[in-house]
Every structure is written in structure tokens, then in C-alpha cells.
Number of protein chains: 2
Amino acid sequence: MAIVSRYTVALHILTWIALATGGKDEFVSSDRIANSVNTSPVFIRRILGKLNKGRLVKVQHGGTGAGWKLARQPKDITFLDVYEAVVDTPLFELHHSTPNDNCAIGKGIQPALSAFYSDTEKAMKQQLAKTTIADLLQESVTQSGWELQDLMTRLAGNKK
Amino acid sequence: MAIVSRYTVALHILTWIALATGGKDEFVSSDRIANSVNTSPVFIRRILGKLNKGRLVKVQHGGTGAGWKLARQPKDITFLDVYEAVVDTPLFELHHSTPNDNCAIGKGIQPALSAFYSDTEKAMKQQLAKTTIADLLQESVTQSGWELQDLMTRLAGNKK
DNA sequence: ATCCAGTGTAATTGTTGCAGTTACATTGAT
DNA sequence: ATCAATGTAACTGCAACAATTACACTGGAT
């Protein structure tokens, strides 16, 4: 475990909204999303807050139709967009205790590593940029083994 | 913070051994390494244990000259080798609580994500394979701003 | 055979960050 | 005014990491 599960949940949230709202212009509640992810609505809302700051979703406060929707098309939201919105620590940790300054390695290794680590993080992000929420939606439905027909029926039922 | 600091320390250890032993065929103790990293010898030995299992270092028990040395040339140890030896968790976490199976997304997202995550981890590892301990040694010494002359003098002094 | 400088490892502790829960103030369509 | 929703703070539980202590084990040097 390295990159926080919150990132996985963020992808789940966006994909679920994409499926649930289809093309329609409506908002869905954190409660319904939490039901699919199987966790607490508060955790979901904390993540949605970050996604909102990243301009990936829009929020509607108050009233009966309150909730969330995507700010763009699923095909226009990449895994990298989600990463930037939700993960806020560098990929690699440096030392916890600062190395011995009287040693050439101890003195020079942190700036040296920072450069190498930065290259690696960049390579990872380039890969993340290649996949979108639309891809994940497609692949998830395929993997679920559901028929599109059943899916639509069940969605209608869930809408409360 | 995502990838454990133990990985950074592992790179530090190998680079320090490379510098300290130069071309010479000798073993260095975890105590001396711990002094450069500025942490406890036990922590260092736990990491060296993993590096030993990964065939990156060799250990000499007992006697006066006991300690560690590299199992190969610094230029033949890549960042990826070290990663495989020291990091034992996947790069991305999945959900903590298992998603709702009655939802197409909940049911299909984990296998779908596993595939995408695997691609990303692979991209990161390809980048890691491009850098070696020799590169890090070179760059660390450069960054330290030390003259090679002083370095040699000081090394001789440290040797006890 | 003994010494002793080193490794190997288990047990314990302090700290940190994440996730989960409860509680309550706030928002704003209807 | 209602009330279905969000926003957020406070607290708890838990797991992983790093740091420390303690002690058994190893094996070259003498």
C-alpha cells in the first residue's frame, strides 16, 4: 500500500456518477454514492470536496435535488486529473532524520535523489494521463458481467 | 509521503558502501553506515537483510572484519533492483471496505482498476530501471560540493 | 579455547496518517 | 418555513513505520 485508497475511492465516485446520471442533467447525493462504495457518506463528501476544488465536479447545496454531478464529460477527466486533485504528498519519501552533513553522501544525496524521484513521478503521471473515467466506466461494466438491459432496469429502481 | 522512506535509506546505504569501499575488497559495519544516514544500526541492518535476500549485498558474520559489501558493481545495481528488494506492497491501494456487489461499478471496478494500476506501476518501474547506484554516487558527490581531495582525506580518517 | 566485534531478530514504544463515526451548523430549492 | 442535502470539526480505532532495547549467535584473530 503506497498511494492512499482515497485515490481509488475518488475514481470510483466519478465513475459511479458517470453511470448514474448518464447523459441527464441531475445531481446525486453522497449517500447514494456511499452505498456503492460501501463506506460512510462523510468520507465520500471529504473526497468530493477535493474533487470540487479541482473543478472535476459541481455541487448543489440545499433543497430537494441537492448533490453532485460531473463538471465535464467522463472522457475529459483523466486519472492524472484525479491524482492531482486528491493526492497531496510526493510519491517518494526522503529520510525521516536528516543525514550526516559531514559525509559527502549524507550532504549531497537529498538534492540528488530529489531530481531522480522527480523524473520517476513524471513518468508515472504521464501514464496516468492516458486513461480517463470513460475508459474505467467501460471496463468496469464489462468486468461486472452485467447486461446493459439489467443495468438500466436496476438504475431506474435505485433512483428512489 | 507514499513510498516508504526505507527505500530512500536503502539507496543511501548502497551508495555509501560504494563510496566507502571504493574498489577495495572489504566489509563495512552497520554502525558506520548508520552514522552517515543518522539513524539506528538496527534499522540499517533490517534493510541490509532485505538487500541481502535480493542478492545486492553480501554479509560477513563474526570476527573483526565483519560487515557488508556490495555484491555487484554500483553501475550494475539499478533503482529498480533496490525497489524490488525493499518495497513489498503494490503501488496503489484498492478500497479498504469491499464495494457493493449489487452495483455494476461496485462489482467490476476492482478488476478493472487492477489492470490500469498494473500498467502504471510498470511505467514507473521502467523509469527506475534507467538509473543506477553509480549515477546516484556521482550526482551526490557533485551536489555535496566537496573536492575529491578532501573526500579522500576524510574517508581515510573515518576508517577508524 | 577464548575473546569480542560484529550480525540477526524479537519485543516494545512513540508517532503519524487514514478511515470511520457522531454531531451539528449551514444551505437553498420547493 | 420546511427539510433534504452539504460542510466540517472532534473524536476513535487501527495499522504501519521508525526507533530503541535487549540478547542470542557467528566466526576471525589471538
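Residue numbers start from 1 in every chain, and the chains themselves are labelled A, B, ... in the order their sequence lines are given, proteins ahead of strands.
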_Need to verify one output field. Residue with the more 5' nearest nucleotide on DNA chain C, Tyr7(A) or Val28(B)?_
Val28(B)

*Ile47(A) CD1 to dT6(D) C1': how many Å, rounded?*
15 Å

*In whole angstroms, how far is the C1' atom of dT9(C) from the CG atom of Asn52(B)?*
14 Å

_Among residues at least two apart in sequence or on other chains, which ones pass ring-ring contact (aromatic ring centres under 6.0 Å, His included) with Phe116(A)?_
Phe79(B)

_Under 4.0 Å, heavy atom to any atom of DNA chain D: which of residues 54-65 of chain B qualify?_
His61(B), Gly62(B), Gly63(B), Thr64(B)

*Give the nucleotide from the list dT8(D), dC18(C), dA10(C) with an atom nearest to the side chain of Val42(A).*
dT8(D)

*Quick one: list whatever passes ring-ring contact (aromatic ring centres under 6.0 Å, His included) with Phe27(B), sequence neighbours left out.*
none

*asked:* Angle between ring planes, His12(A) versus His95(B), binned at 30° and 60°: parallel, tilted or perpendicular?
replied: perpendicular

_Within the 3.5 Å criterion, strictly below it, is a donor on Tyr83(B) or Thr78(B) matched to an acceptor on the partner's side chain?_
no

*Mark yes or no for a side-chain to base donor-acceptor pair under 3.5 Å between Arg46(B) and dA19(D), with no hydrogen or angle criteria applied.*
yes

_Nucleotide nearest Ser5(B) (side chain, heavy atoms from C-beta), chosen from dA18(D), dA19(D), dT6(D)_ = dA18(D)

*asked:* In whole Å, I'd like the distance from the CD1 atom of Ile33(B) to the P atom of dA19(D).
replied: 15 Å

*Looking only at side-chain atoms of Arg6(B), point me to the closest of dT8(D), dG8(C), dC17(D).*
dC17(D)

_Can you measure Phe43(B) atom CZ to dA16(D) atom C1' for me and round it to whole angstrom units?_
12 Å

_Whole angstrom value for the distance that separates P of dT9(C) from NZ of Lys50(B)_ = 12 Å

